Amino acid sequence: MNYCDLAPSYVRSIAPYQPGKPISELERELGITGIVKLASNENPLGASSAAIAAMQEAIKTIALYPDGNGFELKDALVKRYGVTHANVTLGNGSNDLLELSARAFLQHGDKVVYSAHAFSVYALATQAVGATGISVPATKGYGHDLPAMLKAAKTKKVKMVFIANPNNPTGTFLSADELLVFMRGLPPEILVVLDEAYNEYLPEDKRYDSVSWMKEFPNLIISRTFSKAYGLAGLRVGYALSHEQVTDMLNRVRQPFNVNSVAQAAAVAALRDVSFVKKTFELNQRGMTQITDGLFRLGLDYIPSYGNFVAFRIGNATAMYRRLLELGVIVRPIASYDMEDWLRVSIGLESENAKFLHALKHALGDVK
Ligand SMILES: *Cc1c(COP(=O)(O)O)cnc(C)c1O
C-alpha cells in the first residue's frame, strides 16, 4: 500500500514550500566558503545585541515550559500598539498566524481569495484545511489588484482574504487609501488577513496605522513578524492583532506552548531596541539603491520594491541561479510564484550586495 493514499486528497496535492538554500548545504556541495546568502530576506546585521543578551539570560531557565500566554511579550506589544491582551495572538513565526487563521475559521468547501504572485503560504494554509483558493490575477506591475480581489471576495463561499503588504516576492505595495477602499467594500463576515511582515521597511511617507483600523473593521487580522527587520528568523516568533472574538478563536487552535521561552524573551528585547530597527531600515534603503542601480546598469528589469528584497527579470533564470551558486551567491528562484523569468535577491550588507552584482555581471557573460 501507499501511505500517501491515507492522507486526504487536498493534503496530497500540496506543493511543499521551497525555502532558500542554506549556506551549509552549498558549502557541502561545492566545497567552497565565503558564500553570500541573499535568498531568504534575512537581516544582514544579525539580531539586536539586546535580544541576544535576553536569549542568553532565558537559556538559564530552559528546563521550564514557556509562559503559554506569553504575558510579557503581549504586554510589550499592548503598550506599543495601544491594544489589549485580548487582541494579541503569538505565533511560532508569523507563518503560524497565517495557518492559525486558516485553521480557526476555514473548513472544506470554504473559499479563500489571494493574489497571483502572493506569498505562497496563503495557498498552503488554505489547502491544508481543505478550503479552496482563488488566485486573482495581479496588476501589470505584479501587485495585488484590489478591485478585482474585492469582486472575487464577493462571490459565494468566500470566507477569507489574504493580503501581503508589501508582498513577497514582488515587493509591491498598497497604499492605505487603496486598502481602506477595499475594507469598506467588503462584507464584514469575510475575514482579511493583512500580512505586514515587511512593515518596518516602509519609508516614512508610505507608513500607515493599520492597527487603528481594527476599530472600524472587526474582520481584520494583522500579522507581523520578528523574522525580518528584527533579525530573529531562526527563533520563529510573530504575532497577530485582531478583534477579541477573532483572537479567542485563533488562540483555541494554537499549540499551548507555540512560542518558546527564548523567543519570547528575545522578542521583548528586540521590540524595545528601536535604534536597531532604525539602523536596519537605513542599511536597507542604501542597499536597495545600490542593488537597483546595479541592476539598471546591467540593463535588467526589476520590480520597484518596498521590502528588503527585489525581484529582477532575467532570461534563463534557472541557469543563472545555478551559475550564481557556483560563484558563491545564493539568490531565490521564484518560478513557483509563476515568475519563471525572475529571480529574487535579498538586500544584504554593502559588501554582499557588491559581491552579488559582481557575480551577476560575470554570470551574464557566461549564461546565454
Ligand atoms: C517572511 C514572510 C513571512 C513570515 O515569516 P515568519 O518567519 O514565519 O514570521 C510572512 N509573510 C511574508 C510575506 C513573508 O515574506
Side-chain angles (χ1 to χ4, degrees), residues 16-20 22 37-44 46-47 51 70 73 77 88-103 112 114-126 128 135 138 142-144 160-174 179 192-202 210 221-241 250 254-255 258-260 262-264 266-267 270-271 277 280 284 303 305-311 331-334 336-337 339 344-347:
Y17 181 80
Q18 296 171 349
K37 183 187 179 203
L38 298 174
S40 301
N41 305 342
E42 292 144 335
N43 191 328
L73 177 51
L77 292 164
V88 187
T89 309
L90 301 181
N92 184 37
S94 63
N95 207 305
D96 199 16
L97 279 330
L98 304 175
E99 282 188 15
L100 294 179
S101 301
R103 199 140 22 97
V112 178
Y114 42 77
S115 174
H117 318 300
F119 189 47
S120 59
V121 170
Y122 311 150
L124 292 176
T126 299
S135 174
Y142 291 86
H144 290 25
M160 187 172 282
V161 180
F162 283 101
I163 296 174
N165 200 39
N167 181 45
N168 170 21
T170 58
T172 49
F173 173 75
L174 299 160
L179 285 168
V192 175
V193 180
L194 180 59
D195 177 354
E196 299 182 328
Y198 300 96
N199 177 267
E200 294 81 5
Y201 289 104
L202 290 177
S210 50
I221 303 172
I222 298 167
S223 109
R224 303 249 177 108
T225 183
F226 286 93
S227 296
K228 305 284 160 59
Y230 291 98
L232 299 174
L235 269 188
R236 317 302 305 128
V237 51
Y239 57 96
L241 304 176
L250 294 179
R254 71 175 173 83
Q255 290 180 30
N258 63 333
V259 183
N260 71 73
V262 178
Q264 290 187 31
L271 197 64
V277 176
T280 296
N284 188 63
I303 304 171
S305 169
Y306 292 88
N308 64 341
F309 55 86
V310 59
V331 297
R332 184 71 153 268
I334 47 176
S336 63
Y337 285 88
M339 296 175 75
R344 188 196 70 193
V345 62
S346 305
I347 309 302

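Note that this is a predicted model, so its numbers are computed, not measured. As the structure lists them, so they are numbered: ligands from 1, and atoms in each ligand from 1. Heavy-atom basis, side chains included; hydrogens, waters and symmetry copies ignored.
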Discussion item. Just to be sure I understand the cut-off, which residues have at least one non-hydrogen atom under 4.0 angstrom from an atom of ligand 1?
Written reply: Gly93, Ser94, Asn95, Phe119, Asn168, Asp195, Ala197, Tyr198, Thr225, Ser227, Lys228, Arg236
Anything under 3.5 Å between a donor and an acceptor, one on a side chain of residues 116-126, the other on a protein residue two or more places apart or in another chain? List them.
| from | atom 1 | to | atom 2 | distance (Å) |
| --- | --- | --- | --- | --- |
| His117 | ND1 | Tyr337 | O | 2.8 |
| Ser120 | OG | Tyr337 | OH | 3.1 |
| Tyr122 | OH | Asp195 | OD2 | 2.7 |
| Thr126 | OG1 | Tyr122 | O | 2.6 |

Worksheet item: With a 4.5 Å heavy-atom cut-off, do Thr89 and Asp96 have their side chains touching?
Response: no
Discussion item. Using the ring-ring contact (aromatic ring centres under 6.0 Å, His included) criterion, which residues pair with His144? Sequence neighbours excluded.
Written reply: none
Worksheet entry | Asn308 (side chain) donor-acceptor with Tyr198 (main chain) under 3.5 angstrom | no
Practice prompt. Using the test salt bridge (Lys or Arg N to Asp or Glu O under 4.0 Å), find all partners of Glu196 that sit at least two apart in sequence or belong to another chain.
Written response: Arg224
Discussion item. Could you check whether any side-chain heavy atom of Pro333 comes within less than 4.5 Å of a side-chain heavy atom of Met339, counting everything from C-beta outward?
Written reply: no
